[in-house]
Amino acid sequence: MFDPRESLSVTQDGDRLFAKAQQDGVETVWARHEAQQPQCGFCEMGLSCRICIMGPCRVDPFGEGPQTGVCGADADIIVARNLCRMIAAGAASHSDHGRDLVEVLAGVADGSAIGYKIRDEAKLRRLAQEYGVTTQNKKPLTIAGELAQAMMEDYGMRQKAVKMVTRAPKKRRQVWDKFGLTPRGIDRETSEMMHRTHMGVDNNWQSLLLQAMRNALSDGWGGSMIATEVSDILFGVPTPRPTMVNAGVLKADQVNIVVHGHNPVVSEMVSKACLSQDLIALAKAKGAMGINLVGVCCTGNELLMRRGIAMAGNHLMTELILSTGAVDMMIVDYQCIMPSLGKVAASYHTRMVSTSDKARFPHMAHQEFHPHNAEKKALEVVRAAVENYANRGPVFIPVAPQEAVGGFSVEAIIGALGGTPAPLIDAIKAGKIRGAVGIVGCNNPKIKHDYGHVTLTRRLIENDILVVDTGCVAVATAKAGFKVPAAAAMAGPGLRAVCSALSIPPVLHMGSCVDNVRILVLVSALADALGVDICDLPVAGSAPEWYSEKAVTIGTYFVASGVTTHLGPMPPITGSMNVVNLLTSGLKEVVGATFAVEPDPEKAALFLRRTIEGKRRALGLDARSVE
Ligand code: SF4
Ligand code: MSK
C-alpha cells in the first residue's frame with residue numbers, strides 16, 4: 001500500500017523528486033494507484049468481459065455465481081479473448097509507429113519530407129535487396145521509394161509471409177509453418193485478431209492464443225522490425241557513444257527541452273532545431289547558457305542510441321522530472337505518455353506540446369508535426385521553449401548525472417567482436433559467458449520503481465550472464481551504473497574478462513521498445529552460427545516491471561520465437577487455469593519456449609539462471625547447478 005513517507009524508488013532522483021512533488025502538492029501516478037485500491041479482482045483475473053452490449057459480464061472464480069457470460073462464453077474463452085486483444089493492441093501500436101517511418105521514407109524519396117534524408121545508404125541498399133528491390137544503377141532516392149512501397153505491402157494481405165521472417169533461422173520458420181504461426185500481413189494479423197475476438201467468432205481458447213502468437217510475430221518480425229530498420233536508414237545505425245543519465249542531466253542555467261514518446265520522426269527534428277545558431281543566440285539573449293535537449297522513455301532512447309543525447313528518466317520519472325521546475329518545454333509524440341502530464345506541468349512554468357495527429361492530451365498545446373512541416377514546426381516549438389525560460393521559478397535538480405554508454409545495435413556488437421559473432425560464441429562455449437538475457441519493458445507503480453530491473457540485472461551479471469536491454473529497463477540500469485565499461489567489475493569473473501578485453505559494459509543498451517527486434521536479429525545470428533534453433537540457445541527474456549499492452553506483445557513474440565520469457569507482474573489470466581497452463585508449460589511443445597511469472601527479481605534471477613544452465617546442458621556444454 002502507498003505510504004508517502006516510504007521510498008518508492010531505488011533511485012535517489014526518484015525519491016527526492018517524489019518528495020518535491022509531494023511538497024508542491026502535485027498528484028502522481030502512485031497516489032492515483034493508491035486511490036484505485038482495491039482494483040477489480042475480476043479484471044485482474046481476466047474474468048470480466050465488455051466485448052458486447054449484452055454484457056458487461058463476469059465469471060465467478062469461486063464457482064458460486066455465473067460461470068458464463070450472457071452469450072455463453074466461459075472463463076477460458078473470456079480470459080483468452082482479453083489477452084488476445086491486449087496483444088493485438090500492442091502489435092498495432094508498434095506497427096503503426098513503423099508505418100509512420102515508412103511514410104517518411106516514401107516522403108524522402110518524393111521530396112515531400114522536408115529536412116529528412118537517407119543517412120545510411122549501405123543499409124538502404126541491404127534492406128532493398130532483402131525486399132527484392134533491385135539496386136544496380138539506381139539512385140538512393142529511387143531505391144528508397146521502391147523499398148517504401150515494398151514495405152507497405154508487408155502491412156497488407158498480398159504476401160504469404162512478411163518479408164523479414166526470412167531472417168529467422170530455418171528451423172524456427174519450420175516451427176511457425178507447422179503450427180500456422182507464420183505472419184502474413186502486419187495489419188492483417190491484427191485485424192484478424194480483433195475479428196476472431198468479436199462475439200460469436202473464434203470460441204476456442206487454444207486457436208485464439210495461436211492467432212495471438214501469429215499477431216505478435218507480425219509485430220516482432222514485421223512492424224517493429226520495419227520501424228527499427230527504417231529509423232536506421234533515416235537517422236543512422238547506432239554505434240557506441242557516451243552519454244549521461246538521470247534527472248541530473250537537466251541544467252539549471254540552460255533552456256531544458258524534454259522529448260517524450262517513441263517516434264524519432266519528431267525527436268530527430270527537435271534535436272536538429274536545438275542546434276540552430278539563431279535559437280542558441282536567442283537563448284543566450286534570454287540569459288541562458290544554451291539549449292539542453294534531453295529525453296525520457298523511448299524517443300529518448302532513440303536519440304541516446306544515435307546521438308548520445310542525455311536521458312532524464314524512464315516511465316515512472318516522467319511526472320517527477322517536471323517537478324524539478326527546470327523543464328521549459330516537454331514535447332510528446334505517442335505511447336506511454338500519461339494523460340496526467342499536462343496537469344502536473346501546470347504546477348510549474350513548463351509548456352507542454354503534443355505533436356501527433358493521433359495523440360492528443362489534456363492541458364497541452366497541439367502543434368501537429370507531419371513529414372512536410374516537421375523541420376519548420378520543430379524550429380517554432382524550440383523557439384517557444386526558449387521564450388519560456390524567462391518564466392522559470394525555483395529549480396531543484398536533485399542529483400549529479402551518471403555516465404553511461406549506449407548505441408549497441410547488432411551491427412555495433414558484431415563490430416565490437418571483430419566483425420563476426422564467433423568470439424561471443426566461443427566465450428559461451430567456453431563457459432566464460434553462461435548465456436544472455438534480454439531485459440525489456442516498463443515501470444509499474446505496483447513495483448518499487450526500478451527495483452526489479454536493477455536487482456535482476458545485478459544478479460545476472462554477477463553470474464556471468466550478459467544482459468542486453470531496451471526501453472525503460474535500459475534507463476534504469478544506466479542510472480544504476482551498469483552501462484560503463486568499468487561496470488565489468490560488478491560482473492562474474494568470466495563476463496568481467498570478456499567485457500574488459502572488449503572495453504564494453506556487461507549490460508548493453510540495444511535501444512527503444514521497437515528495437516527489441518535487434519535482440520531477435522542477434523539471437524538468430526547466434527543460432528545460425530551454432531546451427532541450432534533459437535529455442536536451443538542459452539538465452540532468455542524478461543520484463544520485470546512491465547505495464548503496457550506493447551510489452552505483452554513483445555513477450556509473446558519472444559516466446560513464439562523460442563525465447564523463454566519471465567514476466568514480473570502477473571498478466572490478467574489467472575481466471576483460466578487452461579490458459580495459464582498453456583502459456584507456462586504447454587507452449588513448450590509448440591514453440592520450445594514458455595512464459596514464467598515471478599514478481600520477486602531475486603527468484604526470477606534463479607529461474608533465468610536455471611533456464612540458461614539447462615540449455616547449456618542440452619547443447620552438451622558445461623552446466624552449473626543453481627541453488
Ligand atoms: Fe458478455 Fe459474451 Fe458480450 Fe462478453 S461477448 S460482454 S461475455 S455477452
Ligand atoms: S517507453 S512501453 S513504458 S518500456 Fe517504450 Fe517504457 Fe514500456 Fe513505454
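FYI, side chains are in, hydrogens and waters are out, and symmetry mates aren't considered; it's all heavy atoms of this structure. Computed from a predicted structure; not experimentally measured. Atoms within a ligand are numbered from 1 in the order they appear, just like the ligands themselves. We count residues from 1, following the sequence as given.
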Task: Under 4.0 Å to a heavy atom of C513 - the qualifying atoms of ligand 2, by number - done: 2 (S), 4 (S), 5 (Fe)
- [ ] Below 4.0 angstrom from a heavy atom of C298, which ligand 2 atoms are there? Numbered from 1 as shown, please.
- [x] 1 (S), 5 (Fe)
- [ ] Give a yes-or-no answer on whether the side chains of T190 and D187 include a donor-acceptor pair shorter than 3.5 Å.
- [x] no
Task: Modelled atom types, side-chain donor and acceptor of K550 and H97, under 3.5 Å - done: no
Open item on the list: Taking a cutoff of less than 4.0 Å between a non-hydrogen atom of the residue and any ligand atom, is A551 in contact with ligand 2?
Closed with: no
Open item on the list: Check this for me: does any side-chain nitrogen of one of R99 and E103 sit under 4.0 Å from a carboxylate oxygen of the other?
Closed with: no
Task: Under 3.5 Å side-chain donor-acceptor pair for S224 and D219 - done: yes
Task: Per-residue contact class, Y547 against ligand 2 - non-hydrogen pairs under 4.0 Å - done: side chain
Open item on the list: So, at under 2.8 Å, which protein N, O or S atoms would a careful student list around atom 3 (Fe) of ligand 1?
Closed with: C52 SG
- [ ] Below 4.0 angstrom from a heavy atom of H315, which ligand 2 atoms are there? Numbered from 1 as shown, please.
- [x] 3 (S)
Open item on the list: Does the residue S548 have a heavy-atom contact with ligand 2, meaning some pair of atoms that are separated by less than 4.0 Å?
Closed with: yes
Task: Which of the ligand 2 atoms, numbered from 1, are nearer than 4.0 Å to a heavy atom of H262 - done: 1 (S), 5 (Fe), 8 (Fe)
Show me the side-chain donor-acceptor pairs of residues 40-59 shorter than 3.5 Å, one per line, residues at least two apart or across chains.
none

Open item on the list: Need the ligand 2 atom indices (1-based, order shown) with element for anything under 4.0 Å from a heavy-atom of K550.
Closed with: 2 (S)
Task: Contact partition for Q335 relative to ligand 2, non-hydrogen atoms under 4.0 Å - done: neither
- [ ] Just jot down the ligand 2 atoms closer than 4.0 angstrom to any heavy atom of C336, in number order.
- [x] 1 (S), 2 (S), 3 (S), 8 (Fe)
